[in-house]
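Positions are given from 1 along the sequence.
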Amino acid sequence: MLNFNLNQPQKNLILLLSIIGFSAFPINTIAVPKTNDASQSGNIIELNNHLINIPWRIESTNRNSMNSVQISDIGLMQNMGIHLLDTNNSFQQPIQWFSDSVILSTQYIRPYRYLDLSNLPQTSQWKIQLDGTALKITTPPSTIQSISFEPLSLETESSPKLSNFIPQKIIIELDKPTFWQQPIPDIQKRSPSPSPQPSPPTLTDDPTIQNQPKPAQTAPPTLQDWSLILEAKANPQLLYNNTSNIKLQSQNSQTRLQFSVPPGWRPVVTSLDSPYRLIIEPKPDFLQSKNILWQPGIRWRQEYIEIPKTESSLGSLLNRIFKTPESSVERFPVYWLEVDLNQPNTSLIPILSNTNSRQGTSPLLAIAQKADVLAAINGGFFNRNNQYPLGAIRFNNNWLSSPILNRGAMAWGQDKPIIMNRLILRETITTDSGQTLPLQYLNSGYVEAGISRYTSDWGNSYTPINNQEKIIVVENNQITRHIDSPKSGSPAIPIPVQGYLLVVRSRPDLLNLLPIGTNLQLQSQTDPSDFQHYPNILGAGPLLIQNRQIVLDAALERFNPAFQQQKAIRSAIAITANNTLLILAVHNRPTGSGPSLSELAQILQKLEAVTALNLDGGSSTSLYLGGYYLDRPFPTAAPVHNGLGIVINHQ
């Protein structure tokens with residue numbers, strides 16, 4: 001676990017557990033004496049003198065004038081090794097931790113869902129105290145008594161054939177239950193592969209970049225170093241007589257086990273009792289399935305989804321015929337949330353990295369927490385260089401960014417069905433002399449020859465994007481000023497509150513048609529027209545499914561060839577026939593790449609999508625719930641420009 005020093009001074013108030021033994025009766029085994037405050041909360045837990053970031057609360061109860069201790073459910077799973085089991089009751093969460101299933105009560109206080117640890121039997125010997133702003137938990141010292149190995153048979157045929165890697169199950173025997181966590185792994189080269197693998201091209205979201213796939217790389221793949229950190233000392237004999245491939249380090253009541261696995265593999269860790277053990281199984285298909293009703297109206301799902309393997313040649317078709325049935329399918333790890341839109345008080349909102357300007361990026365986790373939403377997924381495309389949006393964002397009837405290039409978008413509003421389609425915003429200006437001129441885009445980071453319009457929804461000012469721009473200031477529907485030849489990086493130009501800017505790019509002749517003093521009439525209409533009546537729109541693309549049929553046509557939406565051919569991690573949004581919203585992230589198949597756009601569409605069909613839209617993908621892909629990413633470690637998610645937030649108000 002991460003070790004660092006508290007900046008806050010320690011307080012002298014120490015709240016100790018009053019219950020030492022375990023009883024068969026339903027008692028509050030992790031209660032602390034009641035304080036004057038109704039509740040206290042924080043984000044730091046000091047576990048056996050090691051600090052970890054997990055939200056916690058001390059909640060007042062009427063039982064014996066005591067307080068109960070609650071800790072974030074996903075925080076417990078990701079940082080303390082507690083396994084969350086499937087449930088159809090959002091107010092009760094079964095868990096598994098060195099025992100059979102134990103049911104804990106839940107409480108949702110936005111954005112976290114807390115588990116009350118009162119019914120966890122092992123807590124009878126814990127000590128709890130407040131230490132500044134941290135919750136200090138001290139558990140009885142644990143000891144690793146032995147480490148053994150067993151052969152690990154894997155069913156997947158995609159396992160790499162590395163001469164010096166033999167899959168093994170690692171069995172760690174302990175004298176008592178022990179918390180553990182997996183830090184983010186380090187990558188180091190260990191051994192060559194039998195054959196070089198091509199390096200995939202960058203997933204391109206900017207349609208102005210016509211890049212091509214990179215050639216195959218000859219650099220060998222690497223083994224990946226994974227670590228497991230246990231809140232337990234290692235038996236000294238294990239440290240001195242360790243002849244295994246595991247590296248052991250023991251210090252300050254913690255032990256780090258380090259071992260290597262092939263690319264794309266991860267260790268699956270299971271805890272057992274009688275005796276207490278941790279079972280570590282390195283696997284290429286590591287995803288553990290979940291079906292958790294997390295809150296009324298929102299269900300957390302994750303599992304492998306299988307789709308038919310596509311064959312593009314006679315040779316590959318013959319290989320498919322003569323192989324085992326398993327080889328005829330592709331398996332993808334899919335993380336998704338099912339949002340019941342029929343549930344009262346459920347709403348969707350666009351969420352932005354910068355609410356005052358259209359420029360900026362931030363991690364989705366930060367955006368979601370700032371917007372105070374329960375769940376979120378990354379949204380539309382953007383230019384990573386200048387951090388401007390490249391697609392539709394409409395919020396409360398205001399176009400923060402217009403659609404581009406006939407790309408797919410979704411629209412929603414109160415008491416309106418969600419719709420998805422390819423979308424164009426058609427705007428024109430007509431002069432008092434009767435001349436009508438088309439406008440290219442509204443509040444967009446996409447640059448194209450012609451005239452684009454920028455309003456105060458873009459921000460307080462406009463900074464030239466390239467060196468081929470002429471600026472026309474329009475106030476109260478009249479041209480009041482021309483700004484000659486601003487250059488990229490020039491000082492920002494104020495956008496009039498009662499007006500807008502017209503930015504003329506690569507067409508200086510158009511200035512002659514728009515002299516100072518000209519009155520303008522603006523017309524604006526969406527195509528399809530039904531989008532015009534929706535207050536909220538979020539665009540990305542390509543459109544994947546309509547009326548349950550795959551309608552994928554990336555070229556029609558002017559995505560470049562590299563993007564169309566890419567196999568990469570992806571995110572998407574869909575609607576089912578029973579008005580359930582699906583937001584999902586699809587990651588790499590076992591020891592392989594992520595899905596193509598076509599494979600993504602097939603996955604959504606398997607999930608019974610009636611209509612579906614691809615969102616920004618690659619490193620942008622991130623699925624957020626309850627203060628955490630569900631699909632990836634925080635450091636691996638790239639900053640994004642915008643996203644879609646889910647709000648459920650139960651009051």
Discussion item. So, taking the atom named CZ in F332 and the one named CD in E330, what distance separates them when rounded to the nearest 0.5 Å?
Written reply: 5.0 Å

Discussion item. Looking at E557 and R422, is there a salt bridge between them, counting it only when a charged N and a carboxylate O are closer than 4.0 Å?
Written reply: yes

Practice prompt. Classify the side-chain pair D340/T580 by whether it contains a donor and acceptor separated by less than 3.5 Å.
Written response: no

Item to complete: Walk me through it: do R113 and Q93 pass the test side-chain hydrogen bond (donor to acceptor under 3.5 Å, both in side chains)?
Response: CA-CA 10 Å; R113 188 178 77 147; Q93 177 59 60; 2.5 Å; yes

Worksheet entry | Straight-line distance of L597 CG to L552 CG, nearest 0.5 Å | 5.5 Å

Discussion item. I'd like to know if E608 pairs up with R548 as an ion pair, taking the criterion as any Lys NZ or Arg NE/NH1/NH2 lying under 4.0 Å from an Asp or Glu carboxylate oxygen.
Written reply: no

Item to complete: With salt bridge (Lys or Arg N to Asp or Glu O under 4.0 Å) as the test, would you mind laying out the steps for E306 and K606 before giving the verdict?
Response: CA-CA 8 Å; E306 295 184 349; K606 287 286 295 270; 5.9 Å; no

Worksheet item: Does the distance from a Lys or Arg side-chain N to an Asp or Glu carboxylate O, for R558 and E448, drop under 4.0 Å?
Response: yes

Worksheet entry | F286 ring center near Y304 ring center (under 6.0 Å) | no

Worksheet item: Below 6.0 angstrom between ring centroids: does that apply to Y624 and Y629?
Response: no

Worksheet item: Does R57 make a cation-pi contact with Y112, if we ask for NZ or CZ under 6.0 Å from the ring centre and within 45° of the axis?
Response: no

Worksheet item: Cut-off 3.5 Å, side chains only: do T455 and N443 have a donor facing an acceptor?
Response: yes

Worksheet item: Y628 and Q78: which non-hydrogen atoms are nearest, and at how many Å?
Response: CD2-OE1, 3.4 Å

Discussion item. Applying side chain to side chain contact (heavy atoms under 4.5 Å, CB included) to I418 and M410, what does each step give before you reach the verdict?
Written reply: CA-CA 7 Å; I418 292 179; M410 64 172 291; 3.9 Å; yes

Discussion item. Quick one, T576 with N578, criterion side-chain hydrogen bond (donor to acceptor under 3.5 Å, both in side chains). Give me CA distance, side-chain angles, the key distance, then yes/no.
Written reply: CA-CA 6 Å; T576 67; N578 62 355; 2.4 Å; yes

Worksheet entry | Distance-minimising heavy-atom pair for N614 and S571 | OD1-O, 3.3 Å

Worksheet entry | Nearest non-hydrogen partners of I367 and L352, listed with the distance | CG2-O, 3.5 Å

Worksheet entry | Steps toward side-chain hydrogen bond (donor to acceptor under 3.5 Å, both in side chains) verdict (S90, Q295) | CA-CA 5 Å; S90 64; Q295 279 292 285; 4.8 Å; no

Discussion item. Centroid separation under 6.0 Å, is that true for the rings of Y108 and W294?
Written reply: yes

Worksheet item: Which atom pair, heavy atoms only, marks the closest approach of N378 to S622?
Response: OD1-N, 3.1 Å

Fill in: Derivation and outcome, salt bridge (Lys or Arg N to Asp or Glu O under 4.0 Å), residues R331 and D285
CA-CA 9 Å; R331 301 177 70 235; D285 49 348; 3.6 Å; yes

Fill in: Y441/W399 under ring pair (Phe, Tyr, Trp, His ring centres under 6.0 Å): CA gap, chis, key distance, verdict
CA-CA 11 Å; Y441 301 107; W399 282 109; over 10 Å; no

Worksheet item: How far does CG of N79 sit from CD1 of I74, to the nearest 0.5 angstrom?
Response: 11.0 Å

Discussion item. Let's go through L630 and W300 carefully: what are the C-alpha distance in whole Å and the side-chain angles of both, what is the deciding distance for side chain to side chain contact (heavy atoms under 4.5 Å, CB included) to 0.1 Å, and is it a yes or a no?
Written reply: CA-CA 9 Å; L630 296 182; W300 167 15; 3.7 Å; yes

Worksheet item: Atom CG of L607 and atom CZ of R301: how far apart are they, to the nearest 0.5 Å?
Response: 8.0 Å

Discussion item. Keeping S452 on the side-chain end and L442 on the backbone end, is there a donor-acceptor pair under 3.5 Å?
Written reply: no

Item to complete: Measure the spacing between CG of L405 and CG of L423 and express it to the nearest 0.5 Å.
Response: 11.5 Å

Item to complete: Step by step, work out the side chain to side chain contact (heavy atoms under 4.5 Å, CB included) result for L581 and L348.
Response: CA-CA 10 Å; L581 177 76; L348 315 180; 3.8 Å; yes

Item to complete: Calculate, to the nearest 0.5 Å, the distance between atoms OH and CZ belonging to Y335 and R632 respectively.
Response: 10.0 Å

Discussion item. Using the rule given for side-chain hydrogen bond (donor to acceptor under 3.5 Å, both in side chains), can you reason through T436 versus T430, listing the C-alpha separation, both sets of side-chain angles and the distance that settles it, and then say yes or no?
Written reply: CA-CA 4 Å; T436 297; T430 301; 3.0 Å; yes

Fill in: Cation-pi check, R570 onto F563 ring (under 6.0 Å, within 45° of axis)
yes

Item to complete: For the pair R266 and K283, evaluate side chain to side chain contact (heavy atoms under 4.5 Å, CB included) and give the outcome as yes or no after the intermediate values.
Response: CA-CA 6 Å; R266 289 189 189 178; K283 293 182 178 182; over 6 Å; no

